[in-house]
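Let me begin by presenting the structure, written as structure tokens, before commenting on it.
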Amino acid sequence: MGENLYIAQAIVNNNSLHTDKIFDYSIPEDLQGVVAKGMRVMVPFGIGNNRLEAYILNIKKEEKVTYKLKDILYPLDDKPILTETQIKMILWLKNKYLCRYIEAIHCFLPSGIVNKEKKIVELIEKDWQKVISRNSKNQIEVLRILEDLGGKITLEKLFGKLSFKNFQSTLKILEEKNIIKIDYSISSRIKIQTQQYAQLTLKDDEVDTTIASLKNAKRQKEILLFLKAHKECAVKELLDILKVTRSSLNALISKGYITIIDKEHKRDPFKDIVFKDFPKLVPNSQQKKVIDVITNYIKEEKAHTFLLHGITGSGKTEIYLQLMEQVLKKDKQGIILVPEIALTPQTVERFYGRFGEGIAVLHSNLSDGERFDEWRKITEGKVNIAIGARSAIFAPFKNLGMVIIDEEHENTYKSEINPKYHAIEVANYRSKEEGAIVVLGSATPSIESYYKGEQKEVSLFTLTKRATASDLPEVEIIDMRKELDNGNKSILSHTLFSAIQQNLEVNKQTILFLNRRGFATFVSCRQCGYVVKCKHCDIAMTHHKNMKNLQCHYCGDKIQEPETCPSCSSSNINYFGAGTQRIESLINTYFPKAIIERMDMDSTIVKGSHQRILEKFKKGKIDILVGTQMISKGLDFPNVTLVGVISADASLNLPDFRASEKTFQLVTQVAGRAGRGLDKGRVILQTYNPEHYSIYTAANHDFESFYKEELLLRKEFIYPPFVQLINICFTGKNEKEVYIVSEKITNNIKYILQAKGYSQYNEIVFGPNPAIISKINEKFRYQILLKNHEVPYHLLRSIVKYLLLDKRQKFIPSTITVSIDIDPLYIM
DNA sequence: AGCACGCCGACT
DNA sequence: GTCGGCGTGCTC
């Protein structure tokens, strides 16, 4: 016939490395012009022609094909759910972060939108006992279960009940014997909620005559009058407002005067919250300069990145708000990223307070349905602003004007699951592709971002004035070694103790900060130095006092708290350092009259407990708040005049090249919690390393000095921003095998480097080494670290891609998992 | 991953 | 001869 063949190039929704490629499907004639690029379709896949959802990335025309192609079954969307821009970005993500297509695709879609055709198993031969031989144990088991559960269940459910794994052949035999039937049923986890609306079918001039004709039907007249005035109304509301019953309405419906239509009803997660108006503030001179400069870029639609380095309280949020106003004026949309939305309610409140409705909020604990609704508000153009955590960077705006990333140094902007993207990288990409600007803000910028500022790659603004007149708090460093010399074995120095006491006397609030949940509460023997570690994960176990046990925070294993040292039997075993719980109970005994509350991962498991504690604190119903990182962010309480940092060192001793940076950031952020009001704040910093630069520069609020010092070290030891890193982690149950595979890959990388003329590979490839956490959940972990030291970065990446993706089957047995992290934040 | 195929041992 | 366990290899 010589007719053209339309071929859809699609990615199947199958979370496997082996199917991570583009599959071609022919588009049957009746679907030509119906299915398009960016749509989801159902396709048959594999030998069993299992039905899978597939995402069409491209459609091409070919005259003939020499290979067999299967037909698309049917479309799942009536219009594309992925735009051209997004498809391009999917390819970029895959290539940059070396993830799978499907993982990149999932960034753009709300979870739960995925359709699956479930297999339904149905019993059709009731008298099966006559046909099946007594020996076929497995077949009998399947049929019994089917019978018990009503003769029709999903394959999944059946599989869950079976005592054997290999059910496929059993089912096939039963199907062939016509005893069971296997069918498909489509299921989507999300349903669009609809609400009934009443509408008039009469024309305006008909209404009055109709009303007159109704005579005695008083209620019906009221309804018609109401609808004449309001055009349409939700049935629920109509009945509520007019105090009429459904029967009156039904009468009108049966007479044909009114119709009921289903209208989509969007769930609103913030419906119960009233936001106070947040009026525009007059910017100070520094703020105004920033706003003016960036506004020009917005007006000219120039892609560019800005870094706002502003001390806490320098009014960055007001800058964000005024820039957003400019973006909206250009009919463009904006994204605001915050580290974690539950911890930064003030940012959300201010945006709502300034712009009212028209904002989509992408919470971390939205339900699938709520998330879907927020996503639809964006795709349908109903909102122009999206606020959310990391994943909101993928908000599907059509005309993006600006991305704001607040607290840009935060770790939460780097994804820990594939694709392991960094929100700043994605923002910069979108900026260039979509002509938007990026605004990064932080009181303690990351070394990488600040370095880019110095290199003029991004425009740097420094804000030194606090927007409100309050001064930065004074920070005192307490040398805990001297405390010990003076006979104070307590975890509170004399200075901090008396400061808390004074603060309580004048009815001011105190925040006590501890570096990590139970990070320091490892159990150690003073006699032999033995540290109790998890036998599965090789990390120190954490003491949980109220449970009287030790827990591993990686695998969750629990053991009884030991009374003597498991190694030398000495009774001199000690609970070292202190977790938040221990501090809480200690403070309780020191200050029995004070109201003390703890805020950490354990005390905020229950949904909404953050807000509850913070609300209580805001109202002044808590005297002392003890907490972890969680309390270091964004809290702005004027009555807090004292911040105590119990031990500034815990994060300093982490085995990571960013340990100093993290310590500086934490101490600075926490110190910024004091003195937000009219009273001067006081910060007391307890440490065993008072001479460490990250401690004293943080105490002096001196980012510049810290940066200079840190940058020297980064340069000397060849770390980012001077090189880029790639971390490859191999995981498996057999330690020897994991080691051998990772060593083989290491040698291959070195071999290729040498062949390409880079013989100094010992400065490029490090490892394989056991990961710092060398064992998680009975699985051993080895890693290779790559640095692009005097070797092109793209060469390193293409080597990794070649060995671990393209030729994966050749090098990696299926018992080993490989995880690739491009530009890792932690190497653990 | 998910499925079928094919080889082999157990059991009638 | 039949059934079921397990290893292997492919998926448009």
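Here the structure is a predicted model, which is why all the values come from computation and not from measurement. What you see below is based on every heavy atom in this structure, not just the backbone, and it leaves out hydrogens, waters and symmetry mates. Below, chains carry the letters A, B, ... as their sequence lines are ordered, and counting in each starts from 1.
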**Request:** Using atom CZ of A:Phe23 as one end and atom P of C:dT11 as the other, report the distance to the nearest whole Å.
**Result:** 8 Å
**DNA chain C: 5'-proximal contact among A:Ile173 and A:Gln809 (nearest heavy atom)** = A:Ile173
**Message:** If I take atom NZ in residue A:Lys68 and atom C1' in nucleotide C:dC12, what distance separates them, rounded to the nearest angstrom?
**Reply:** 7 Å
**Request:** Hey, can you tell me if A:Tyr429 and A:Trp92 have their rings parallel, tilted or perpendicular (30° and 60° cut-offs)?
**Result:** parallel
**Item:** Side chains of A:Asp24 and A:Gln9 in contact at under 4.5 Å (non-hydrogen atoms)
**Value:** yes
**Message:** Whole angstroms only, please: what is the CG-P distance between A:Leu17 and B:dG2?
**Reply:** 14 Å
**Item:** Whole-Å distance separating the CG atom of A:Leu171 from the C1' atom of C:dG4
**Value:** 13 Å
**Prompt:** What is the distance from CD of A:Glu141 to P of C:dG5, rounded to the nearest Å?
**Reply:** 10 Å
**Item:** Pair A:Glu434, A:Thr85: side-chain N/O donor-acceptor within cut-off below 3.5 Å
**Value:** no
Name the pairs: protein N/O against N/O of nucleotides 10-12 of chain B, kept only if under 3.5 Å.
none

**Item:** Cation over ring face, A:Lys420 and A:Tyr97, 6.0 Å, 45°
**Value:** no
**Item:** A:Lys60 NZ: over 12 foreign heavy atoms closer than 6.0 Å
**Value:** yes
**Message:** Quick check for you: among B:dC3, B:dA1, C:dC12, whose closest atom lies nearest to any side-chain atom of A:Ile47?
**Reply:** B:dC3
**Message:** Under 4.0 Å, heavy atoms only, any strand: does A:Phe45 hit a base, just the sugar-phosphate, or nothing?
**Reply:** base
**Distance in angstrom units between A:Leu5 CG and C:dC12 P, rounded** = 16 Å
**Message:** With a 4.0 Å cut-off on N to O distance, would you call A:Asp823 and A:Lys414 a salt bridge?
**Reply:** no
**Request:** Would you kindly give the CG-to-P distance between A:Asn49 and C:dT11, to the nearest whole Å?
**Result:** 12 Å
**Message:** Rounded to whole Å, how long is the line connecting atom CD of A:Glu175 with atom P of B:dC3?
**Reply:** 12 Å
**Sub-4.5 Å side-chain heavy-atom contact between A:Ile22 and A:Ile11** = yes
**Prompt:** C:dG4 phosphate, OP1 or OP2: any side-chain N/O from A:Gln139 under 4.0 angstrom?
**Reply:** yes
**Message:** Side-chain N or O of A:Asn50 versus OP1/OP2 of B:dC3: is the shortest distance under 4.0 Å?
**Reply:** yes
